[in-house]
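A quick note: this is a predicted structure, and the numbers were derived from the prediction, not measured. Start at 1 and go down the list; that is how both ligands and their atoms are numbered. Nothing fancy with the numbering, it's 1 onward along the sequence.
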Amino acid sequence: MASGEEHVYATLLLSDSYLPGALVLAHSLRDAGTTKKLVVLVTLDSVSAESITQLKTVYDHVLSVPRICNEKPANLYLMNRADLHSAFTKINLWKQTQFSKVVYIDADVVAYRAPDELFDIAEPFAAAPDIGWPDLFNSGVMVLTPNLGDFYAMLAMAERGISFDGADQGLLNMHFKDNYHRLSFAYNVTPSAHYQYIPAYRHFQSSINMVHFIGPNKPWFAGRHAKHDDSPFDDMIGRWWAVYDRHYRAQEQSSGQPQGSSSTYVQYFTKGEFRPKPTLMQQPPPADSAPEAINFPSTHYEMSQDAAPFVPPPRYPSPPKDMWYEVPTAPPAPPAEPPRPVFPWEGQQPKPTRTFASVVPDFVTTPQDTGTWVEHGVGGSVESGLHVESQPPEGDSTETGTEAGSSIATLPSQLTPTEASTVQAEPWDAFQLSNAWDEVPEINRYVEGLQKHKRGKSLQGISSPATTGPRYRRDPNKSVFKLTDFPSAVERPSLPVTPAPIARPSFWGQEQPDARELELSLPLPSAEGVPMQSDWDPEVQLQKLARQQYEALLLKLEASANVDNVVEDVGHRIPKRSLPFGSESIRSPSFISQNVPVSTLQRTVQSTSSADSTFRLTLPHDAPRGTPKEVPRQHGGLLESPMAKPRSKAPE
Ligand SMILES: O=c1ccn([C@@H]2O[C@H](COP(=O)(O)OP(=O)(O)O[C@H]3O[C@H](CO)[C@@H](O)[C@H](O)[C@H]3O)[C@@H](O)[C@H]2O)c(=O)[nH]1
Ligand SMILES: [Mn+2]
């Protein structure tokens, strides 16, 4: 376009919120049949691209202009229009020198007709009186000739904030003063809801060219249903809406204005006009319908009263047949023949020969009697019953060692010896498995000597006399040093294991029980063939055992001499001793090593106080065979079991 050759209608858009006004203005001019170009000045930093797109549908030119702000907006607050902080931007009109004549119109103006005659005004500047102060002109409708002289003059004022209202109208009136061509009020009718010169309105109604909705309440801000008392103001408002409806009103559902069209965007900035079409059915529920929750599904289950058993439908698979354990009705029949012997001695068991009196055996113990897990020396009574594994009274205790039929009898703790004697027990139960060295006083004294200094303090409470113990209470002083004793709670309070209780016999080697024990103890079982403990001298027995071993060696040596090279013969003769039951025919693997030649067999006397001597065998590698005649022989080579033969006072 050539500079100064073009006449344009121009408006200003500083924000998207004024978009409906700018569009309605343009449409009103277009609809009124103007032949002039339409130009809109926009500040791109505050007007969206979509708004610009909308503007381009109506305007011929969308021109970007720099924002000119009022840095001293105090006067804006005087008229409560802080939103006009950028109204100085309007002076950019004088910079648009590409246009020879510009008819500027605010965006809040609707044209009743196209005032194209305004372009014929020769004066460089023309404006209509302001309704608020008629000596002033309203800056909403101006006819101007762009020129940079006015532009920079006003720009300088704008930069200094020179404006009596803080906005463009004050600046322009201060700049032009009375140097403007006065336009008819009909070009800028500024209605007010508070004051109307209604007769004048009625008189000049037909001559109105444009209506300017000054003030903060624009038609698109108030909405189409705002009431204004059927005043002439409402007529002008209606004119604005008429233009809007002609171009942007939402169409009814039947007529096809698609969602997302340009109308939708414009409606978004027009109060009450943005009504997005619901995608779901818009049918409202009946006014008298029940609440929704009343239709929520609810299931109520009744307990079945049907007594008939459940019969599964035939489509159900059959349950497994053998998924239960069948309890046997009778105990399993004993095997037809006894199980085959596993150990060799099982088939050669001699009949028991020892007999025991029918007394409660010593193994009938109380928890205190098992002492290793009871605090030594702490008083107490027999609290638990006596558990005796017994057999029927008519049973023969000497013959039923392997018979079944034993039963558990629980005896009350107050059981007297007489009463207890009626309970017969297995004879072998009278003997306890214990470490033999626990019963050897020499060993005990040795250990006691070793540990005396360690245990001295911990034993203080043990010897407390305030013991009212049960019948088999042990003297704590004599058992505490046994090697197999567990430490007491004092000695090792944090022992994390439960000691296995050891049922001890009531005879304590050679040591004499105290008076209380003698009083409470049951009589010792007078078993045949069992020596009294008081008669059992371990030292003598050890010597006896060594002598018997020596005699066995003699037998072997004799066999080697008489029947040379018949090793089996030696093996056969040696086991003639009274080996454990059933083991007579068993040859120990160690017999092979015993066939080495014995060269010398020395006899040494270790102790003059001992009745017997100990013997030491010396077996050199290359010793010649021979029979050491000087070795004495005893008992014909038979090894006695100390528990199997009637006791004799002392071995010879
Ligand atoms: O948020 C806004 C504010 C203003 N404008 C533009 O600026 C013009 C002026 O604002 P407007 O709200 O119309 O002001 P009026 O209520 O008309 O107030 C009076 O005072 C203003 C400040 O002096 C003058 O600009 C007006 O012409 C005058 O009528 C508008 O028409 C628009 O073109 C926007 O685009 N967005
Ligand atoms: Mn305005």
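If you take OG1 on T43 and CD1 on I68, they are separated by 11.0 Å, rounding to the nearest 0.5 Å. A distance of 10.0 Å separates CZ in F99 from NZ in K37, rounded to the nearest 0.5 Å. For the atom pair CD1 (I208) and CE (M236), the distance works out to 5.5 Å, reported to the nearest 0.5 Å. Separating the OG atom in S263 from the NE2 atom in H247 is a distance of 10.5 Å, to the nearest 0.5 Å. Rounding to the nearest 0.5 Å places CZ of F185 at 12.0 Å from CG of N209.
Scanning all protein heavy atoms for the shortest distance to atom 9 (C) of ligand 1 gives D106 OD2, 3.7 Å. In terms of protein heavy atoms, atom 18 (O) of ligand 1 is closest to R81 NH1, 4.0 Å. With respect to atom 35 (O) of ligand 1, the closest heavy atom belonging to the protein is L14 N, 2.7 Å.
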Does the salt bridge (charged side-chain N to carboxylate O under 4.0 Å, His left out) test come out yes or no for D120 and K101, once each step is laid out? CA-CA 9 Å; D120 300 331; K101 196 64 105 179; over 6 Å; no
Can W241 and W220 be said to form a ring-ring contact (aromatic ring centres under 6.0 Å, His included), step by step? CA-CA 8 Å; W241 282 106; W220 61 94; 9.0 Å; no
Chi angles and distances behind the salt bridge (charged side-chain N to carboxylate O under 4.0 Å, His left out) call for R30, D60: CA-CA 11 Å; R30 295 270 191 231; D60 298 289; 2.7 Å; yes
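Distances from atom 4 (C) of ligand 1 to the heavy atoms of Y104, F213, Y18 put Y18 nearest.
In terms of polar-atom proximity, A167 is not counted as a contact of ligand 1, lacking any N or O under 3.5 Å from an N or O of the ligand. Residue L13 places no N or O, backbone or side chain, under 3.5 Å from any N or O of ligand 1. For ligand 1, the polar-atom distance check finds an N/O of G215 within less than 3.5 Å of one of the ligand's N/O atoms. Remark: ligand 1 and H212 share an N or O pair separated by less than 3.5 Å (distance only, no angle test). For ligand 1, the polar-atom distance check finds no N/O of I214 at less than 3.5 Å from any of the ligand's N/O atoms. The shortest N or O to N or O distance between T11 and ligand 1 is not below 3.5 Å. Checked by distance only, ligand 1 and K218 come closer than 3.5 Å through their nitrogen or oxygen atoms.
Of all atoms in ligand 1, numbered sequentially from 1 with element shown, those under 4.0 Å from a heavy atom of D165 are 23 (O). For ligand 1 and D168, the ligand atoms under 4.0 Å from any heavy atom of the residue are 21 (C), 22 (C), 23 (O), 24 (C), 25 (O). For ligand 1, the atoms lying closer than 4.0 Å to a non-hydrogen atom of G140 are 27 (O). Within ligand 1, counting atoms from 1 as listed, the ones closer than 4.0 Å to a heavy atom of S139 are 24 (C), 25 (O), 26 (C), 27 (O). Against a heavy-atom cut-off of under 4.0 Å, S15 is close to the following atoms of ligand 1: 1 (O), 2 (C), 35 (O), 36 (N). Shown in contact with Q169 at under 4.0 Å from a heavy atom are these atoms of ligand 1, numbered in order with element: 23 (O), 28 (C). The L12 neighbourhood of ligand 1 comprises atoms 6 (C), 32 (C), 33 (O), 35 (O), with distances under 4.0 Å to a heavy atom of that residue. Every atom of ligand 1 with a heavy atom of L84 under 4.0 Å away is listed here by number and element: 3 (C), 4 (C), 10 (O), 21 (C), 22 (C).
Proximity of V109 to ligand 1, defined as any heavy-atom pair under 4.0 Å, is not found for any part of the residue. Residue contacts with ligand 1, taken as heavy atom pairs separated by less than 4.0 Å, involve D108 via backbone and side-chain atoms alike. Contacts between N138 and ligand 1, counted as non-hydrogen atom pairs separated by less than 4.0 Å, involve the side chain only.
Between the Mn ion (ligand 2) and the N, O or S atoms of D106, the shortest distance is to OD2. The atom of H212 that is an N, O or S and sits closest to the Mn ion (ligand 2) is NE2.
Figure legend: cation-pi geometry between K36 and F119, with NZ or CZ positioned under 6.0 Å from the six-membered ring centre and within 45° of its axis. The cationic group of R249 does not satisfy the cation-pi geometry with Y244, failing either the under 6.0 Å distance to the six-membered ring centre or the 45° limit from the ring axis.
Taking the six-membered ring for Trp, Y104 and F125 have ring centres at least 6.0 Å apart. If you look at W240 and F233, their ring centroids are not closer than 6.0 Å. Checked against the 6.0 Å centroid criterion, the rings of Y248 and F269 do not qualify as a close aromatic pair.
Under the 3.5 Å distance criterion, the side-chain polar atoms of Y180 are left unmatched by any main-chain donor or acceptor of M142.
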